[in-house]
A.B. asks: 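The structure follows.
Here the structure is a predicted model, which means the values were calculated and not measured.
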Amino acid sequence: MMTDGVPPDRRPDNPGKTMFDTRPYLLMTRPEAAGQRFWQGLPKDTRDGLRLVISPLIETEVTGPLPDLRAYDGVILTSAHAVAAFRALGGHAAGLTCFTVGAATARAATEAGFVALSANGDADDLVRLVCERAAGQRLIHLHGTHTRGDVSVRLTAANVQTDSAPIYDQRALGLSQQAQDVLSGDTPIVVPLFSPRTAALFAAGFRGDAPLFLACMSQAVAAEVASLPAKEVSVASNPDAKAMTATVAPLASRAARFHNRE
């Protein structure tokens with residue numbers, strides 16, 4: 001999906017002169033709704049200097065089954081997708097404690113009725129938080145079919161019995177034709193990458209010569225695109241949307257300056 005057209009327009013002060021839009025692109029690889037939310041969260045001057053293309057690389061599908069949570073002292077949710085799947089499957093939190101990696105998932109979990117505690121970090125921070133707050137308890141990690149960090153295994157080894165239950169699938173998608181077209185051009189492209197799997201899918205699907213400016217949520221994400229010929233790779237200071245916004249905005253400015261120098 002592209003929200004800004006590629007065809008030339010005409011300047012209102014000089015209708016006889018054809019002018020091509022040379023702004024860099026922002027390529028969002030998240031699902032449509034999440035991509036739009038991130039776009040709207042960028043500063044207006046940043047949005048004004050970019051053309052948005054949305055090409056999801058992962059499609060989530062609720063699969064279930066949802067385990068009986070009455071057997072557990074708490075739940076671990078490591079993405080907002082897990083919260084959405086929980087709700088779609090008819091889950092009732094009823095004030096159950098929920099441990100999350102970041103603030104966005106904690107907000108979604110709170111809206112679903114959980115008492116959410118966020119590690120505000122990565123999987124390592126989550127494991128530390130759970131060990132501090134739930135030693136000796138029995139928990140369950142609700143997640144997708146693709147997961148990282150070995151959370152349940154690590155917690156069980158640390159005396160926090162943690163079961164694991166995939167409740168949704170994350171089907172890989174290819175880059176859209178629009179995304180392939182801009183990647184084959186010579187206009188700089190800013191690509192925010194939010195997970196190692198999405199980064200790996202982008203790296204595997206990339207074909208083209210466009211100058212890449214990559215914004216990565218973590219070092220683990222950056223490692224998946226290390227083989228790409230990027231002009232710049234910036235890693236967010238924290239693995240959350242706020243830090244990613246703070247990373248993308250200046251990166252977009254540098255992409256525009258790079259294009260103007262060419």
Side-chain angles (χ1 to χ4, degrees), residues 1-9 19-59 172-237 239-262:
M1 171 201 170
M2 193 177 315
T3 64
D4 226 336
V6 176
D9 55 10
M19 184 73 178
F20 282 92
D21 191 342
T22 60
R23 292 174 297 165
Y25 292 99
L26 180 76
L27 175 58
M28 293 299 306
T29 59
R30 307 188 89 183
E32 175 78 25
Q36 287 287 356
R37 281 197 302 272
F38 184 80
W39 169 255
Q40 292 300 326
L42 291 172
K44 184 178 183 301
D45 59 343
T46 299
R47 297 198 310 271
D48 288 345
L50 294 167
R51 288 175 283 174
L52 175 64
V53 176
I54 297 181
S55 177
L57 290 179
I58 291 177
E59 180 178 67
L173 302 175
L175 288 162
S176 70
Q177 188 59 55
Q178 288 177 325
Q180 293 178 50
D181 289 345
V182 298
L183 289 168
S184 297
D186 58 6
T187 301
I189 304 177
V190 180
V191 188
L193 296 166
F194 292 81
S195 73
R197 184 167 181 244
T198 301
L201 290 171
F202 177 74
F206 173 75
R207 303 287 186 278
D209 300 310
L212 296 178
F213 290 76
L214 307 179
C216 298
M217 183 171 266
S218 67
Q219 291 292 348
V221 173
E224 297 293 344
V225 291
S227 63
L228 293 180
K231 296 299 180 184
E232 185 174 345
V233 178
S234 293
V235 179
S237 59
D240 56 41
K242 182 178 179 180
M244 281 292 282
T245 297
T247 301
V248 166
L251 190 64
S253 297
R254 293 194 292 274
R257 290 197 297 271
F258 173 88
H259 195 39
N260 292 334
R261 291 199 305 266
E262 291 295 296

A.B. asks: Output the distance between atom CD (Gln177) and atom CD (Gln180), rounded to the nearest 0.5 Å.
C.D. replies: 5.0 Å

A.B. asks: If we only count heavy atoms from C-beta on, is the Val235 to Thr247 side-chain gap below 4.5 Å?
C.D. replies: no

A.B. asks: Test of understanding: with side chain to side chain contact (heavy atoms under 4.5 Å, CB included), list the residues that count as partners of Pro56, not counting sequence neighbours.
C.D. replies: Ile54, Leu173

A.B. asks: Which atom pair, heavy atoms only, marks the closest approach of Gly41 to Thr245?
C.D. replies: O-CG2, 3.8 Å

A.B. asks: Can you name the residues that form a side-chain hydrogen bond (donor to acceptor under 3.5 Å, both in side chains) with Asp45, not counting sequence neighbours?
C.D. replies: none

A.B. asks: If you round to the nearest 0.5 Å, how far is CD of Glu32 from OG of Ser55?
C.D. replies: 10.5 Å

A.B. asks: Given side chain to side chain contact (heavy atoms under 4.5 Å, CB included), test Met28 with Gln36 step by step and report yes or no.
C.D. replies: CA-CA 9 Å; Met28 293 299 306; Gln36 287 287 356; over 6 Å; no

A.B. asks: For side chain to side chain contact (heavy atoms under 4.5 Å, CB included), just list the numbers for Leu251 and Arg254, CA-CA rounded to whole Å, side-chain angles, deciding distance to a tenth of an Å, and then say yes or no.
C.D. replies: CA-CA 5 Å; Leu251 190 64; Arg254 293 194 292 274; 3.6 Å; yes

A.B. asks: What's the spacing between Gln219 CD and Glu224 CD if we round to 0.5 Å?
C.D. replies: 12.5 Å

A.B. asks: Give me the atom names and distance for the closest heavy-atom approach of Ala243 to Asp240.
C.D. replies: N-OD1, 2.8 Å

A.B. asks: Measure from the side-chain N and O atoms of Arg23 to the backbone N and O of Leu50, and report whether any donor-acceptor pair falls under 3.5 Å.
C.D. replies: yes

A.B. asks: Do Pro192 and Leu26 make a side-chain contact, defined as non-hydrogen atoms from C-beta onward lying under 4.5 Å apart?
C.D. replies: yes

A.B. asks: Please set out all donor-acceptor pairs under 3.5 angstrom arising from side-chain atoms of residues 193-216, sequence neighbours excluded.
C.D. replies:
unit_1, atom_1, unit_2, atom_2, d
Ser195, OG, Thr198, N, 3.1
Ser195, OG, Thr198, OG1, 2.9
Arg197, NH1, Gln170, O, 2.7
Arg197, NH2, His146, NE2, 3.4
Arg197, NH2, Gln170, O, 3.1
Arg207, NH1, Ala204, O, 3.0

A.B. asks: Identify the two heavy atoms, one from Ala249 and one from Thr46, that lie closest to each other, and give their separation to 0.1 Å.
C.D. replies: CB-OG1, 3.6 Å

